[in-house]
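Naming convention: chains lettered A, B, ... in sequence-line order (proteins, then strands); numbering from 1 in each chain. Only this structure's heavy atoms are used, side chains among them; waters, hydrogens and symmetry mates stay out.
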Protein chains: 2
Amino acid sequence: MIKLSRLADYSIVLMTQLAGRPSTLMQAPDLALVTGLPVPTVAKTMKQLVQAGLVQSQRGAKGGYVLVRAATDIPVTEIITAVDGPIALTDCTVDEDGVCEIEALCPTRTNWRKINDAVIGALREVTLADMTPQMAPFVPHRPYVPVANAAAGE
Amino acid sequence: MIKLSRLADYSIVLMTQLAGRPSTLMQAPDLALVTGLPVPTVAKTMKQLVQAGLVQSQRGAKGGYVLVRAATDIPVTEIITAVDGPIALTDCTVDEDGVCEIEALCPTRTNWRKINDAVIGALREVTLADMTPQMAPFVPHRPYVPVANAAAGE
DNA sequence: TCCTTTTCAGACTAAAACAGTCCTATATAC
DNA sequence: GTATATAGGACTGTTTTAGTCTGAAAAGGA
């Protein structure tokens, strides 16, 4: 079914949120609120994006996340790779010298690489900016209420 | 990591074997021998290729499998789809009307479809013939020995 | 300086997807 | 009629993945 992981999907959505509000520090709970994703999942994903150097983080009070580069400079391949690892349709295409145990019987290896490159090429054409259409004008201040209190308040 | 399933990979390998010996009836054990794959796995994969109409099967003694069309007429997408189902990078791209629960918050859906089409386009360029380079000239008659006997023979 | 807020790092658990195997039924050739 | 092959489906074990949780580190403000 050739699909990318759900986390990679999330990461694109999160990145578009950051892209829609350039130079605005957004915190994990904010992003969770805006995207509808659970906070821990957002945190986990953002972690990976920071490590990949796509997002800059600021710790501590008034912390949050910002894009490092402009959205037009970020191909979606880079986001996907950051979360899912290198794009490789088959195991053959991962290493130069195949670890493929049936390599001798698999004359299609070089052709796989061609296909792989074609897919990567198709993905590299698209930037984060292309994925960021109309966007809500600003970050709503979040009416964040701890669950326990919220339940008690009802 | 955007990868196709191992079964899809196998199916390409198996198809190239059939493509290399046009109009030759090959049996599951033969294909297993040539590819190095276990027989049950070959059988399972061939089953799906037959159902997809890519391969014709003949039951009974002297049975086996043949390609229905010429290798040049079979895009790899079709093989992959037969085994893995439709190519869909995200769940968004599967249906027309999204079943996506965060659809309202996901303005990237149409853009995903563009990316998806780009990938499919890249894959459609490649036919089975492109994946079938040099091939062993004929089907070796198989020196098939049941495992038990083989062990006893050693 | 201390306390609060927020990210960082890693481990852990549960669930889903997948590969692979096996058994029985059906069709064909001799 | 018997031997040989595929067809169809169910089943199991493994791997991958999603998601959660806990403690540590860093920054801001009182």
Quiz item: Between dT5(C) atom P and D30(A) atom CG, what is the distance in whole Å?
Solution: 15 Å
Quiz item: In a check of side chain to side chain contact (heavy atoms under 4.5 Å, CB included) between L67(B) and each of Q17(B), R21(B), M15(B), which one passes?
Solution: M15(B)
Exercise. Take atom CG of L33(A) and atom C1' of dT6(C), then tell me their distance rounded to the nearest Å.
Key: 17 Å
Practice problem: Report yes if a side-chain nitrogen or oxygen of T41(A) is closer than 4.0 Å to either non-bridging phosphate oxygen (OP1 or OP2) of dA18(D); otherwise report no. | Solution: no
Practice problem: Name the closest nucleotide to the Q27(B) side chain, picking from dT20(D), dT6(C), dT6(D). | Solution: dT6(D)
Every protein N/O within reach of nucleotides 7-14 of chain D N/O, cut-off under 3.5 Å:
residue	atom	partner	partner atom	Å
dA7(D)	OP1	S57(B)	OG	2.4
dA7(D)	OP2	Y65(B)	OH	3.2
dA7(D)	O4'	R59(B)	NH2	2.5
dG8(D)	OP2	Q51(B)	NE2	3.4
dG8(D)	N7	K47(B)	NZ	3.0
dG9(D)	O6	K47(B)	NZ	3.3

Quiz item: So does Q58(B) have more than 12 non-hydrogen atoms from other groups sitting under 6.0 Å from CD?
Solution: yes
Quiz item: Within the pair R6(B) and dG20(C), is there a side-chain N or O less than 4.0 Å away from OP1 or OP2?
Solution: yes
Exercise. To the nearest Å, give me how far apart NZ (K62(A)) and C1' (dT6(C)) are.
Key: 12 Å
Practice problem: Measure from CG on L49(A) to P on dC8(C) and round the result to the nearest Å. | Solution: 11 Å
Exercise. Mark yes when over 12 heavy atoms from residues, nucleotides or ligands other than R124(A) sit less than 6.0 Å from its CZ; otherwise mark no.
Key: no
Self-check item: Whole angstrom value for the distance that separates P of dA26(D) from CD of Q56(A)
Solution: 16 Å
Self-check item: dA19(C) OP1/OP2 closer than 4.0 Å to side-chain N/O of S5(B)
Solution: yes
Exercise. When you get a sec, tell me which of dG28(D), dG20(C), dA19(C) is the closest nucleotide to the side chain of Y10(B)?
Key: dG20(C)
Quiz item: Among dG19(D), dT6(D), dG28(D), which is the nearest nucleotide to the side chain of A61(A)?
Solution: dG28(D)
Self-check item: Gap between atoms CG and P, on D9(B) and dA19(C) respectively (whole Å)
Solution: 10 Å
Practice problem: Would you check if I115(A) and M131(B) make a side-chain contact, meaning some heavy-atom pair closer than 4.5 Å? | Solution: yes
Exercise. Let me know the distance between NZ of K3(B) and C1' of dA19(C), rounded to the nearest Å.
Key: 12 Å
Self-check item: Length of the line joining M26(A):CE and dT7(C):P, which is rounded to integer Å
Solution: 11 Å
Quiz prompt | Shared hydrophobic cluster, L49(A) / V126(A) (ILVMFWY, side-chain heavy atoms < 4.5 Å) | solution = yes
Practice problem: Determine whether L7(A) and L54(A) fall in the same hydrophobic cluster, where Ile, Leu, Val, Met, Phe, Trp and Tyr are linked whenever their side-chain heavy atoms lie under 4.5 Å apart. | Solution: yes
Quiz prompt | Exceeds 12 heavy-atom contacts within 6.0 angstrom, atom CD of Q56(A) | solution = no
